[in-house]
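Structure first, commentary second.
Keep in mind it's a predicted model, so treat the numbers as computed, not measured. Index from 1, following the sequence.
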Amino acid sequence: QVQLVESGGGLVQAGGSLSVSCAASGLTFSSYSMGWFRQAPGKEREFAAAISWSGGYTEYSDSVKGRFTISRDNAKNTVYLQMNSLKPEDTAVYYCAAGILDAGQGFRPLYWGQGTQVTVSS
């Protein structure tokens, strides 16, 4: 049974930083690309960042590029999202996903975590 468990969410002031993590089990972690999505209240879930199985390739949405960094540790079966220069509009539930990353077609999620709340106050 695949499990993706996010942690590290919380409340932070605008301009601050926060890191969220996602621990994976029940799958061969190093065989999957990993991604982060987010869903703000009343909005659709949107892609934020993805990283290839090796960590050698990353993709970001325009809204987070230059502020967020995705990374992974295959020895720990964990993917991270470091979020800097946070804005109130970054407030959302952040979801981890395991899937397939195609450099030409983007990230396709196959498994989802339950999400962790990130709130940025102004």
Side-chain angles (χ1 to χ4, degrees):
Q1 180 182 358
V2 176
Q3 283 195 314
L4 302 175
V5 180
E6 300 93 337
S7 62
L11 175 64
V12 63
Q13 287 190 331
S17 298
L18 196 66
S19 180
V20 291
S21 303
C22 171
S25 61
L27 76 170
T28 304
F29 182 74
S30 59
S31 296
Y32 286 86
S33 296
M34 299 296 294
W36 286 96
F37 290 72
R38 63 186 187 179
Q39 187 167 18
K43 295 188 177 182
E44 292 187 355
R45 192 173 299 187
E46 65 174 9
F47 170 78
I51 188 166
S52 63
W53 64 271
S54 68
Y57 178 78
T58 57
E59 284 192 0
Y60 297 92
S61 67
D62 288 342
S63 60
V64 309
K65 194 176 298 182
R67 300 188 298 121
F68 290 11
T69 302
I70 188 171
S71 61
R72 65 188 296 161
D73 185 338
N74 286 347
K76 295 182 178 179
N77 286 4
T78 301
V79 61
Y80 308 94
L81 186 67
Q82 175 67 41
M83 302 179 287
N84 298 328
S85 302
L86 282 161
K87 306 173 183 179
E89 51 263 44
D90 293 318
T91 294
V93 177
Y94 282 72
Y95 295 91
C96 166
I100 299 169
L101 177 59
D102 184 318
Q105 299 186 12
F107 181 79
R108 181 163 63 95
L110 300 175
Y111 304 103
W112 291 97
Q114 293 300 308
T116 185
Q117 177 70 47
V118 171
T119 302
V120 184
S121 63
S122 57

inquiry  = Is there a path of hydrophobic side-chain contacts, each under 4.5 Å between heavy atoms of I/L/V/M/F/W/Y residues, joining V2 to Y32?
reply    = yes
query = If you round to the nearest 0.5 Å, how far is CZ of R38 from CD of E44?
reply = 14.0 Å
ask   = Can you tell me how far the CG atom of L81 sits from the SG atom of C96, to the nearest 0.5 Å?
value = 10.0 Å
remark   = Residues passing the side chain to side chain contact (heavy atoms under 4.5 Å, CB included) test with N84, sequence neighbours excluded, are S17, Q82
query = Going from CZ on F68 to OG on S85, what distance comes out if it is rounded to the nearest 0.5 angstrom?
reply = 9.0 Å
inquiry  = Determine whether the aromatic ring centres of residues F47 and F37 are separated by less than 6.0 angstrom.
reply    = yes
request  = Check whether more than 12 heavy atoms from other residues, nucleotides or ligands sit under 6.0 Å from atom CH2 of W112, and answer yes or no.
outcome  = yes
key: salt bridge (Lys or Arg N to Asp or Glu O under 4.0 Å) between D90 and K87, intermediate numbers included   = CA-CA 5 Å; D90 293 318; K87 306 173 183 179; over 6 Å; no
inquiry  = Membership question, hydrophobic clusters at under 4.5 Å side-chain separation (ILVMFWY): are M34 and Y80 in the same one?
reply    = no
message = Do Y94 and E6 have side chains that approach each other closer than 4.5 Å (heavy atoms only, starting at C-beta)?
response = no
request  = List in chain and number order the residues that pass side chain to side chain contact (heavy atoms under 4.5 Å, CB included) with N77, two or more places apart in sequence or in another chain; answer none if no residue qualifies.
outcome  = F29
ask   = Taking all atoms of both residues into account, what is the closest heavy-atom pair of S52 and S33, and its distance?
value = CA-OG, 3.5 Å
message = Could you measure the distance from the OG1 atom of T116 to the CH2 atom of W36? Nearest 0.5 Å is fine.
response = 7.5 Å
remark   = OG1 (T78) and CZ (R72) are apart, to the nearest 0.5 Å, by 10.0 Å
ask   = In terms of heavy-atom contacts, does CD of Q114 have more than 12 from other residues, nucleotides or ligands at under 6.0 Å?
value = no
request  = Would you name the heavy atoms of A14 and S122 that are closest together and state the gap between them?
outcome  = CB-CA, 4.3 Å
remark   = Looking only at heavy atoms, the pair that brings T91 and Q117 closest together is CG2-NE2, 4.0 Å
query = If you take all heavy atoms of A98 and L4, which pair is closest and at what distance?
reply = N-CD1, 3.7 Å
Interatomic spacing from CZ in F107 to CD in E59 - rounded to 0.5 Å = 10.0 Å
query = Tell me, do V118 and L18 make a side-chain contact under 4.5 Å, heavy atoms counted?
reply = yes
